[in-house]
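Worth knowing before you read on, the calculation uses all heavy atoms, side chains too, and leaves out hydrogens, waters and symmetry mates. In what follows, chains are A, B, ... by sequence order, proteins preceding strands, each numbered from 1. This one's a predicted model, so the numbers in the text were calculated from it and none came from an experiment.
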2 protein chains.
Amino acid sequence: MDSLKVLPCDDGCPVRLTAELVGHKWTTLIVRELISGKKRYSELQRGIPGISPRILAERLKQLEQHQLLKKTIFPTIPPTTEYELTSLGQEMKQLIYAMAAFGQSVQAAGIEVAA
Amino acid sequence: MDSLKVLPCDDGCPVRLTAELVGHKWTTLIVRELISGKKRYSELQRGIPGISPRILAERLKQLEQHQLLKKTIFPTIPPTTEYELTSLGQEMKQLIYAMAAFGQSVQAAGIEVAA
DNA sequence: CAGGATCCACAATGATACTG
DNA sequence: CAGTATCATTGTGGATCCTG
């Protein structure tokens, strides 16, 4: 499929949609953490240095609402939660790989990005 | 290549880099317009309903600085400019297709996105 | 441990008017 | 035509403190 008809973008545009889903600052990093398997809140926090608890919780909530990840709460004391990608969330892997590939091309080209 | 080592993300992460390059609201739509060939400022403006002249100019300038597109000015009266993707910019096509594909999967799944 | 509640700061966008 | 200047507004993120 090489047609540009893949991109009927304007509103309801799948590209826009994707940008809205994963365009927030830490979202891709969270997804990346989960690609290797389910993780707990604190594991994610440790795995993503610099993220604040508020943002982490916010992104996780959004991803859950969009059914890109599944949250499991174990009513233990202290509480335990687990996050894992849904099958739809797994499809983001391809997207993240594409982003990684393009980013590497840019790096290889030696482009300065620091605004 | 199936390794997760493709994603050594943290800082200097290619995924983050890509997000910074195309994460702005209208960037992907602008790139999409240019995939089909070079276009002028006013053509882009017409092709992307809702974008303000300031934002369009800002995005174009960023894309040019990042060497993702090339700007050509014809010193005619009235002035004429043309924008076209560089070879590096062309590589964004793959990324945009991946975004489109994922977005379509999400749409097919019937996910509600309107926050 | 896993977050929720607050408050602040600033970047990003939008709208409009204006100019070489 | 191809932008720039200005202003208002919102979104998004950061830091901190607090709680079941």
Using a cut-off of under 3.5 Å, enumerate the N/O to N/O pairs linking the protein to nucleotides 14-17 of chain C.
from: C:dG14; atom 1: OP1; to: B:K25; atom 2: NZ; distance (Å): 2.6
from: C:dG14; atom 1: OP2; to: B:W26; atom 2: NE1; distance (Å): 2.7
from: C:dG14; atom 1: O6; to: B:R54; atom 2: NE; distance (Å): 3.4
from: C:dA15; atom 1: N6; to: B:R54; atom 2: NE; distance (Å): 3.4

Measure the distance from [atom1] on [X] to [atom2] on [N] and round it to the nearest whole Å.
X     : N      : atom1 : atom2 : result
A:E20 : D:dG11 : CD    : P     : 13 Å
B:E58 : C:dA12 : CD    : P     : 8 Å
A:E82 : C:dG3  : CD    : P     : 12 Å
A:L56 : D:dG14 : CG    : C1'   : 14 Å
A:H24 : C:dA11 : NE2   : C1'   : 14 Å
B:K39 : D:dC1  : NZ    : C1'   : 17 Å
B:K38 : D:dA2  : NZ    : P     : 14 Å
B:I30 : D:dG3  : CD1   : P     : 12 Å

Checking contacts here: which listed nucleotide ([options]) is nearest the side-chain heavy atoms of [X]?
X     : options              : value
B:A57 : D:dA2, C:dA2, D:dT4  : D:dT4
B:K61 : D:dT4, C:dG3, C:dC1  : D:dT4
A:Y41 : D:dA2, C:dA12, C:dG3 : C:dG3

OP1, OP2 of [N] versus side-chain N and O of [X]: anything below 4.0 Å?
X     : N     : answer
B:T81 : D:dC1 : no
B:Y83 : D:dC1 : no
A:S42 : C:dA2 : yes
B:R40 : D:dA2 : yes

Can you list the residues that meet the side chain to side chain donor-acceptor pair (under 3.5 Å) rule with [X], with sequence neighbours excluded?
X     : value
B:T27 : none
B:E84 : B:K70
B:Q62 : none

ask   = Atom CG of A:L88 and atom NE2 of A:H66: how far apart are they, to the nearest 0.5 Å?
value =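 If I round to the nearest 0.5 Å, the distance is 11.0 Å.
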query = What distance do B:L21 atom CG and B:Q65 atom CD have between them, rounded to the nearest 0.5 Å?
reply =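 Rounded to the nearest 0.5 Å, the CG-CD separation comes to 11.5 Å.
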Can you list the residues that meet the side chain to side chain contact (heavy atoms under 4.5 Å, CB included) rule with [X], with sequence neighbours excluded?
X     : answer
B:T81 : B:Y41, B:K71, B:I73, B:Y83
B:A19 : A:M99
A:S52 : A:R54, A:I55
A:P79 : none

ask   = Is a side-chain N or O of A:T86 found less than 3.5 angstrom from the main chain of A:Q67, in a donor-acceptor match?
value =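 Yes: the side chain of A:T86 pairs with the backbone of A:Q67.
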request  = Please list residues of residues 70-78 of chain B whose heavy atoms come under 4.0 Å from any atom in DNA chain D, ordered by number; otherwise none.
outcome  =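 Listed by number, they are B:K71, B:P78.
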